[in-house]
A.B. asks: 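Can you keep this structure in mind? I'll have questions shortly.
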Amino acid sequence: MQIIDLTIDDKKSIQKVAGLLMAGFTEAWNDIEEALSEVEESLPKDRISRIAVEKDGTVVGWIAGQSNYRGNVWELHPLVVDESCRGKGIGRALVADFEACVKSRGGITIYLGTDDETNSTSLYGKDLYPDVLGKVMNMTNRNRHPYGFYKKLGYEVVGVLPDANGFGKPDIFMAKRVQASEESL
Ligand SMILES: CC(C)(COP(=O)(O)OP(=O)(O)OC[C@H]1O[C@@H](n2cnc3c(N)ncnc32)[C@H](O)[C@@H]1OP(=O)(O)O)[C@@H](O)C(=O)NCCC(=O)NCCS
């Protein structure tokens with residue numbers, strides 16, 4: 001498996017990635033056209049868009065992101081691995097590659113939002129107010145919510161947006177520093 005740039009001329013891989021999105025995120029995109037737009041938006045040079053490709057050319061995963069805060073911060077969005085290829089380290093490899101790309105472009109921090117729309121954490125189906133952060137501190141993973149995956153890779157929960165996807169369906173924010181600090185903080 002190798003990880004390479006997804007480019008605008010690689011129409012076959014763009015179609016495959018859109019299919020992976022539709023399969024991997026059942027709530028996020030209504031149809032393949034919407035998923036294709038998401039993939040195409042990731043292609044300009046000021047963004048990062050990388051695919052994991054098997055030896056025979058099969059695309060098995062995709063990661064993308066864009067910068068914010070004058071390049072200090074990069075949002076990781078989205079990440080998906082073909083369901084039949086999960087649990088083999090491809091997600092971990094894509095994130096490590098993304099971190100290296102961000103580092104080489106001078107970014108300090110990667111952040112991401114990971115929704116809970118499927119009752120997969122203790123934050124689901126609850127009124128998180130008051131004491132939102134208290135509930136975040138005591139959050140538990142009920143059903144292999146992907147925040148467990150990112151935690152393994154060194155990402156920390158840095159906040160939550162209650163009701164982001166409707167009442168009781170929060171977005172969980174995570175971040176990681178990928179560049180050594182020049183000053184002692
Ligand atoms: C989340 C996802 C990208 C993980 O990809 P993957 O290739 O299966 O992950 P890896 O095999 O690299 O796993 C790396 C480690 O994380 C663990 N892990 C993977 N998914 C996990 C989850 N949902 N919860 C907890 N741990 C998880 C693995 O067990 C492995 O641990 P180990 O190194 O101790 O064995 C993949 O499941 C996916 O595409 N899901 C659908 C889309 C999605 O949820 N994307 C992220 C939304 S923000």
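In listed order, ligands and their atoms are each counted from 1.
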A.B. asks: State which residues pass side chain to side chain contact (heavy atoms under 4.5 Å, CB included) with A23; sequence neighbours excluded, sorted by chain then number.
C.D. replies: none

A.B. asks: With under 30° as parallel and over 60° as perpendicular, where do the rings of H145 and Y147 fit, or are they tilted in between?
C.D. replies: tilted

A.B. asks: Students should be able to answer this: which protein heavy-atom is nearest to atom 26 (N) of ligand 1, and at what distance?
C.D. replies: F149 N, 3.7 Å

A.B. asks: Do me a favour and list the nearest non-hydrogen protein atom to atom 39 (O) of ligand 1 with residue, atom name and distance?
C.D. replies: V81 N, 2.8 Å

A.B. asks: Can you check whether T114 has an N/O within less than 3.5 Å of an N/O in ligand 1?
C.D. replies: no

A.B. asks: Could you tell me which atoms of ligand 1, counted from 1 in the order shown, lie closer than 4.0 angstrom to a heavy atom of V80?
C.D. replies: 39 (O)

A.B. asks: If I take atom CD from residue E40 and atom OG from residue S49, how far apart are they, to the nearest 0.5 angstrom?
C.D. replies: 11.0 Å

A.B. asks: Would you check whether G87 has a nitrogen or oxygen atom less than 3.5 angstrom from a nitrogen or oxygen atom of ligand 1?
C.D. replies: yes

A.B. asks: So which of D171, T26, N165 actually passes side-chain contact (heavy atoms from CB on, under 4.5 Å) with E117?
C.D. replies: N165

A.B. asks: Same cluster for W29 and L36 if Ile/Leu/Val/Met/Phe/Trp/Tyr side chains link at under 4.5 Å?
C.D. replies: yes

A.B. asks: Closer than 4.0 Å and a protein heavy atom, does any atom meet both conditions relative to atom 3 (C) of ligand 1?
C.D. replies: yes

A.B. asks: Applying the 4.5 Å side-chain criterion to the ILVMFWY set and letting contacts propagate, would V60 and L94 be lumped into a single cluster?
C.D. replies: yes

A.B. asks: Is there a polar contact, in the sense of an N or O pair closer than 3.5 Å, between L79 and ligand 1?
C.D. replies: yes

A.B. asks: Given the protein's heavy atoms, is any one of them under 4.0 Å from atom 35 (O) of ligand 1?
C.D. replies: no

A.B. asks: What about L112: any of its N or O atoms under 3.5 Å from an N or O on ligand 1?
C.D. replies: no

A.B. asks: Under 4.0 angstrom from ligand 1, any heavy atom of H145?
C.D. replies: yes

A.B. asks: Using a strict cut-off of 4.0 Å, indicate which atoms of ligand 1 neighbour a heavy atom of G148.
C.D. replies: 25 (C), 26 (N)

A.B. asks: Students should be able to answer this: which protein heavy-atom is nearest to atom 11 (O) of ligand 1, and at what distance?
C.D. replies: G89 N, 2.8 Å

A.B. asks: For K88, counting its heavy atoms only, list the atoms of ligand 1 lying under 4.0 Å from any of them.
C.D. replies: 11 (O)

A.B. asks: Applying side-chain hydrogen bond (donor to acceptor under 3.5 Å, both in side chains) to T121 and D116, what does each step give before you reach the verdict?
C.D. replies: CA-CA 7 Å; T121 74; D116 186 3; 2.8 Å; yes

A.B. asks: So, T7 and D5: side-chain donor and acceptor under 3.5 Å apart, yes or no?
C.D. replies: no

A.B. asks: Would you mind checking which non-hydrogen protein atom is closest to atom 44 (O) of ligand 1, with the distance to 0.1 Å?
C.D. replies: P146 CG, 3.5 Å

A.B. asks: Please say whether N141 places an N or O atom under 3.5 Å from an N or O atom belonging to ligand 1.
C.D. replies: no

A.B. asks: Ignoring angles and geometry beyond distance, decide whether G91 reaches within less than 3.5 Å of ligand 1 through its nitrogen or oxygen atoms.
C.D. replies: yes

A.B. asks: Taking a hydrophobic cluster as the set of Ile, Leu, Val, Met, Phe, Trp and Tyr residues connected by side-chain heavy atoms closer than 4.5 Å, whether directly or through intermediates, do I4 and L20 fall within one such cluster?
C.D. replies: yes

A.B. asks: Give the single entry among R144, R92, K152 that approaches atom 12 (O) of ligand 1 most closely by any heavy atom.
C.D. replies: R92

A.B. asks: Could you tell me whether some N/O pair between Y150 and ligand 1 is separated by less than 3.5 angstrom?
C.D. replies: no

A.B. asks: Name the closest protein heavy atom to atom 38 (C) of ligand 1, giving the residue it belongs to and the distance to 0.1 Å.
C.D. replies: R86 NE, 3.4 Å

A.B. asks: So is there a nitrogen or oxygen of G113 less than 3.5 Å from a nitrogen or oxygen in ligand 1?
C.D. replies: no

A.B. asks: Looking only at atom types and distance, does a side-chain atom of K126 sit under 3.5 Å from a main-chain N or O of S122, one as donor and one as acceptor?
C.D. replies: yes

A.B. asks: As a quick check of understanding, evaluate salt bridge (Lys or Arg N to Asp or Glu O under 4.0 Å) for E156 and K151, giving each step before the final call.
C.D. replies: CA-CA 6 Å; E156 280 196 33; K151 234 176 134 183; over 6 Å; no

A.B. asks: Nearest to atom 47 (C) of ligand 1, what protein heavy atom do you find, and at what distance?
C.D. replies: F25 CE2, 3.8 Å

A.B. asks: With no hydrogens and no angle check, just 3.5 Å: does a side-chain donor-acceptor pair link S13 and W62?
C.D. replies: no

A.B. asks: More than 12 foreign heavy atoms under 6.0 Å from NZ of K103: is that the case here?
C.D. replies: no

